[in-house]
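Note sheet for the following structure.
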Amino acid sequence: MKFPSLFRTASPMRYDIKPRYYDPVKEEIEQRTSRIRRELAEQGLLNSENEDSLENFSSGIRGSFSQYRGIKPRETSVFSSTAIIRTLLFLGMILMAFGYIYIGPDIFTYLLYLGLLVAGVYFFFRLKNRSKDE
């Protein structure tokens, strides 16, 4: 039960679709095609094979999936996961906050050197593995 209110509440907008059951153009086209087919069949120019092939035309979607080779496996790496990257960033921010409280502004310099060291080691091993592959 709705209580009386001073303000108008929003209600979903309604629409009214009146379906068209009668399409004179479509009906005329169907009549003309049936009449032309009947005349061609009487003259012997249209046989039942041609008529069946036109009516049974399909797009062939069943055959389009015949070349399916499966889902390609993704390359999995520790650093490709966004959850791990997000966790590392979060831990880095926590480390910076506590380091600033306990050590002071020098923590940023120490973390910069630590980050450069980790990046150097990471790229060293990455380039080392590439040289083995070639």
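What you see is a predicted model, and the numbers here were worked out from it, not measured in a lab.
By the criterion of side-chain heavy atoms lying less than 4.5 angstrom apart, applied directly or through intervening Ile, Leu, Val, Met, Phe, Trp or Tyr residues, M93 is grouped together with L114 in one hydrophobic cluster. Hydrophobic clustering (side-chain heavy atoms under 4.5 Å, transitive across Ile, Leu, Val, Met, Phe, Trp, Tyr) groups V121 together with F124.
Interatomic distance, CG of L95 versus CZ of F90, reported as 12.0 Å (0.5 Å rounding). Once rounded to the nearest 0.5 Å, the distance linking CZ of F98 with CD1 of I101 reads 6.0 Å.
Within a 6.0 Å sphere centred on CZ of R35, other residues, nucleotides and ligands contribute more than 12 heavy atoms. Heavy atoms from other residues, nucleotides or ligands lying under 6.0 Å from CZ of F108 number more than 12.
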From CA spacing to verdict: side chain to side chain contact (heavy atoms under 4.5 Å, CB included), I103, Y110: CA-CA 10 Å; I103 297 175; Y110 300 146; 4.2 Å; yes

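L91 belongs to no hydrophobic cluster with other residues, because no ILVMFWY side-chain heavy atom falls under 4.5 Å from its own, directly or through intermediates.
Side chains of L111 and M96 form a contact here, defined as non-hydrogen atoms less than 4.5 Å apart.
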